[in-house]
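Structure, as structure tokens:
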Amino acid sequence: MNNITIFSDINEISQAVAKKWAVLSEQAISDHGGFHVALSGGSTPAHLYNYLATSAYKQRINWDKTYIYFGDERSVSPDHKESNFKMASDTLLDKVDIPVSQIYRMKAEVAEIEESAVEYAALLKDKLPMSENGESQFDLVLLGMGDDGHTASLFPGTQILQEKSELVRAVFVEKMKTWRMSITFRAINNARNIAVLVTGENKKKVLSKVLETGVANPLYPIMMIQPSGHIEWYIDAAAASGV
Ligand code: 6PG
């Protein structure tokens, strides 16, 4: 795959992805009046979000026309240390002038998480621009990859991997004994742009398997992504050391 770039570390990755975000944002705003981006969770993107909140990007990016969604969320309250919403708020959203009404939190802490997923899917259909083939389309989806090849909350062996029509589902992740909410392959594959950020020595084994197979393999859900748009992999030297 020729859309893979290896960087020395997460700081270099953050600078490259922030630049990409700014360019895509300017294009989307001039094309259809807004930039609709799904944030990924976990620890890797925190560096990128902090970087986007530095003066260079704070001024450059038109936050007034930016619409923030989440690729997945844990079943915890928005102030919980495990919350992706909390991580994104602490590192970026509380530091830039983005209207609160343009930040769409996944309410995954509720007991009725499946109904909440249906509501979030309806919100995506309502807010996201439409692609030429009539699909709800993110301008950018940020993704990470776990050391088991999961992405968002699309974990190996879970029902959500088979979801073909819904954009968002709740999913019980057996190995963690916990509920998650996640966008599905349909929502991801219809994005205009996807950026996958992979860092750390602990990812090198699975990354080399993922990149060498190059074909859809439910063992590694991230390889089931068949984007209609553009996908870029941003990998650090530690994660690439097994490739
Ligand atoms: C989550 C993420 C998840 C993450 C990977 C990698 O909610 O945990 O959305 O898919 O991207 O687990 O996480 P790290 O960046 O912490 O390695």
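Note that ligands are numbered from 1 as they come in the structure, with each ligand's atoms numbered from 1 the same way. Basis for what follows: all heavy atoms, side chains included, without hydrogens, waters or symmetry-related copies.
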Answer side chain, backbone, both or neither: which part of T151 comes under 4.0 Å from ligand 1, heavy atoms only.
->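 For T151, only backbone atoms sit under 4.0 Å from ligand 1.
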With a 4.5 Å heavy-atom cut-off, do [X] and [Y] have their side chains touching?
X: F155; Y: R180; value: yes
X: V17; Y: L142; value: yes
X: D79; Y: S83; value: no

May I ask you to identify the nearest protein heavy atom to [atom], giving residue, atom name and distance to one decimal place in Å?
atom: atom 15 (O) of ligand 1; value: T44 OG1, 2.6 Å
atom: atom 4 (C) of ligand 1; value: G41 O, 4.0 Å
atom: atom 9 (O) of ligand 1; value: D72 OD1, 2.7 Å
atom: atom 12 (O) of ligand 1; value: H150 NE2, 2.8 Å
atom: atom 6 (C) of ligand 1; value: M145 O, 3.6 Å
atom: atom 17 (O) of ligand 1; value: K203 NZ, 2.7 Å
atom: atom 8 (O) of ligand 1; value: R74 NH2, 2.7 Å
atom: atom 10 (O) of ligand 1; value: A152 O, 2.7 Å

Can you confirm whether the side chains of [X] and [Y] place a donor and an acceptor under 3.5 Å from each other?
X: E163; Y: S165; result: yes
X: S182; Y: D72; result: no
X: N193; Y: K20; result: no

Report, as yes or no, whether the 6.0 Å neighbourhood of atom CD on Q59 holds more than 12 heavy atoms from other residues, nucleotides or ligands.
->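 Counting other residues, nucleotides and ligands, CD of Q59 exceeds 12 neighbours.
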From I61 CD1 over to I98 CD1, what is the distance, rounded to the nearest 0.5 angstrom?
->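 Those atoms lie 10.0 Å apart.
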Give yes if a backbone or side-chain nitrogen or oxygen of L143 is under 3.5 Å from a nitrogen or oxygen of ligand 1, and no if not.
->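 L143 vs ligand 1: no N/O contact under 3.5 Å.
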N/O separation below 3.5 Å, S153 to ligand 1 =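 N/O-N/O distance below 3.5 Å does not exist for this pair.
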Please identify which atoms of ligand 1 are closer than 4.0 Å to at least one heavy atom of G144.
->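 Answer for ligand 1: 11 (O).
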Would you mind listing which atoms of ligand 1 come within a distance below 4.0 Å of any non-hydrogen atom of R180?
->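 Result: 1 (C), 7 (O), 8 (O).
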contact_flag E73 ligand 1 heavy-atom lt 4.0 Å |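 Under 4.0 Å: no for E73.
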Which of these, S43, S182, A239, has its nearest heavy atom closest to atom 16 (O) of ligand 1?
->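 Ranked by closest heavy atom to atom 16 (O) of ligand 1, first place is S43.
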Can a salt bridge be assigned to the pair E166 and R169 using a cut-off of 4.0 Å between side-chain N and carboxylate O?
->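 Not counted as a salt bridge, because no side-chain N and carboxylate O are separated by less than 4.0 Å.
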Does the distance from a Lys or Arg side-chain N to an Asp or Glu carboxylate O, for D139 and R192, drop under 4.0 Å?
->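 Yes.
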